[in-house]
Amino acid sequence: MSRYSFLDLASSPSVRAAEAEMGVDQLWAPGAVDRVSEAFTPNEVAFIAERDSFYMASVSETGWPYVQHRGGPPGFLKVLDETTLAFADYAGNRQYISTGNLDANDRLALILVDYPRRARLKILAHAERLALDAEPDLLARVSVPGYRARPERIFRLRLAAFDWNCPQHIVPRFTEAEIARAVAPLRDRLAALEAENQQLRERLGPA
């Protein structure tokens, strides 16, 4: 049977009721969409490798969700295989809300956004917390040479499902590095024109 595994996990009676209220419940009925998303394809692997941040949601024992921004060098979130992610958890504000939440409930939701291309990937996963010395090979894989932040632990994520969002309402935003790459040809052209202009001035001599 066709499956839409992300909604298999995200749907609930109240979600189905809301869909019915808006008249779209048949769009997402079980088996209506053939969109299995239980293993990363090369498309997701490439997308994840380019990201320098993501948003991560966990749930506390009180039932309150907690959303945290995680950032690092591009590719700090590693794809270990088609169903496994991992990243080094760096020292932050010392509150450890996400860490504590995951000790009680291992479910995570991640959102990764490519703002220039207006693309958004949602991931549901189960997280496992590991000490830095638990698996030396894994530590080597998640380490980023030259990055000065101090890792405190490793999180390994087992994929449950993923889904892509539509680009609607994603406003394009660009990092300094992305802007620098975009304007580099213009800077080079301007420098060449300035040099050419200076040479012409020297040939003409004083006015």
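FYI, side chains are in, hydrogens and waters are out, and symmetry mates aren't considered; it's all heavy atoms of this structure. Small disclaimer: the values here were computed from a predicted structure and weren't measured.
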Which side-chain N or O atoms in residues 180-190 pair as donor and acceptor under 3.5 Å with protein atoms at least two apart or in another chain?
none

Using side-chain hydrogen bond (donor to acceptor under 3.5 Å, both in side chains), reason through Asp81 and Thr84 one step at a time and then give a plain yes or no. CA-CA 5 Å; Asp81 57 48; Thr84 312; 2.8 Å; yes
Let me have the donor-acceptor pairs involving side chains of residues 105-121, under 3.5 Å, with sequence neighbours excluded, atom names and distances please.
| unit_1 | atom_1 | unit_2 | atom_2 | d |
| --- | --- | --- | --- | --- |
| Asn105 | OD1 | Arg107 | N | 3.1 |
| Asp106 | OD1 | His126 | ND1 | 3.0 |
| Asp106 | OD2 | His126 | ND1 | 3.3 |
| Asp114 | OD1 | Arg117 | N | 3.2 |
| Asp114 | OD2 | Arg117 | NE | 2.5 |
| Asp114 | OD2 | Arg117 | NH2 | 2.8 |
| Tyr115 | OH | Tyr55 | OH | 3.2 |
| Arg117 | NH2 | Glu50 | OE1 | 2.4 |
| Arg118 | NE | Ile170 | O | 2.9 |
| Arg118 | NH2 | Pro167 | O | 2.9 |
| Arg120 | NE | Asn165 | OD1 | 3.1 |
| Arg120 | NH2 | Cys166 | O | 3.4 |

Test item: side-chain donor near acceptor, Gln199 and Arg201, under 3.5 Å: no
Approximate separation, where rounding is to 0.5 Å, of Asn101 CG and Trp64 CH2: 13.0 Å
Minimal heavy-atom distance between Ala125 and Leu157, with the atoms involved, is CB-CB, 4.0 Å
Just by modelled atom types, is the Thr41 backbone N or O under 3.5 Å from a matching donor or acceptor in the Glu44 side chain? yes
Only counting residues at least two apart or in another chain, list the ones meeting ring pair (Phe, Tyr, Trp, His ring centres under 6.0 Å) with Phe87. Phe54, Phe155
Inter-residue atom distance Ile48.CD1 - Lys78.NZ, 0.5 Å rounding: 12.0 Å
Which distance, rounded to the nearest 0.5 Å, do you find between the CD of Glu135 and the CZ of Arg141? 11.0 Å
Ring pair (Phe, Tyr, Trp, His ring centres under 6.0 Å) partners of Phe40, counting only residues at least two apart: Phe162
Test of understanding: with side-chain contact (heavy atoms from CB on, under 4.5 Å), list the residues that count as partners of Ser14, not counting sequence neighbours. Ser12
Can you sort out the partners of Glu202 under side chain to side chain donor-acceptor pair (under 3.5 Å), two or more places apart, ordered by chain and number? Gln198
pair Thr99-Arg153: side-chain heavy atoms closer than 4.5 Å: yes
Other cluster members, Val59 - Ile/Leu/Val/Met/Phe/Trp/Tyr, side-chain contacts below 4.5 Å: none
Working for ring pair (Phe, Tyr, Trp, His ring centres under 6.0 Å), residues Trp164 and Phe6: CA-CA 10 Å; Trp164 290 93; Phe6 188 91; over 10 Å; no
Output the distance between atom CE (Met56) and atom CD (Gln68), rounded to the nearest 0.5 Å. 5.0 Å
Not counting sequence neighbours, which residues clear side chain to side chain donor-acceptor pair (under 3.5 Å) with Arg173? List them please. none
With a cutoff of under 4.5 Å between side-chain heavy atoms, which Ile, Leu, Val, Met, Phe, Trp and Tyr residues group with Leu80? Leu130, Leu132, Leu138, Leu139, Val142, Ile154
Looking at every heavy atom in both Pro136 and Asp133, which two are closest together, and how far apart are they? CD-O, 4.2 Å
Taking side chain to side chain donor-acceptor pair (under 3.5 Å) as the definition, give me every residue that meets it alongside Asp137, ordered by chain and number, with sequence neighbours left out. none
Which atom names give the shortest non-hydrogen contact between Pro145 and Ser143, and what distance separates them? CD-O, 3.6 Å
Contact summary for Leu9 and Ala160, nearest pair of heavy atoms: CD1-CB, 3.5 Å
Work out which heavy atom in Ala10 is nearest to a heavy atom in Val15; give both atom names and the distance. O-CG2, 3.9 Å
Evaluate the side-chain proximity of Glu82 to Val45: yes if any heavy-atom separation is below 4.5 Å, no if none is. no
Using 0.5 Å steps for rounding, measure from the OG atom of Ser37 to the CG atom of Leu159. 7.5 Å
In sequence, state the C-alpha distance, the side-chain angles, and the governing distance for Arg94 and Tyr96, and then conclude on side chain to side chain contact (heavy atoms under 4.5 Å, CB included). CA-CA 6 Å; Arg94 318 291 288 183; Tyr96 302 112; 3.2 Å; yes
Quick check: closest heavy atoms across Ser98 and Ser58, and the distance to 0.1 Å? CA-OG, 3.9 Å
Taking side chain to side chain donor-acceptor pair (under 3.5 Å) as the test, write out the residues that go with Glu176, two or more places apart. none
Do Leu102 and Ile97 belong to the same hydrophobic cluster, where Ile, Leu, Val, Met, Phe, Trp and Tyr are linked whenever their side-chain heavy atoms lie under 4.5 Å apart, directly or via other members? no
All ring pair (Phe, Tyr, Trp, His ring centres under 6.0 Å) counterparts of Tyr147, not counting sequence neighbours: Tyr90
So how far is it from Ile123 CD1 to Asp163 CG, rounded to the nearest 0.5 Å? 11.0 Å
Please check if the number of heavy atoms outside His69 that lie under 6.0 Å from its NE2 is greater than 12. yes
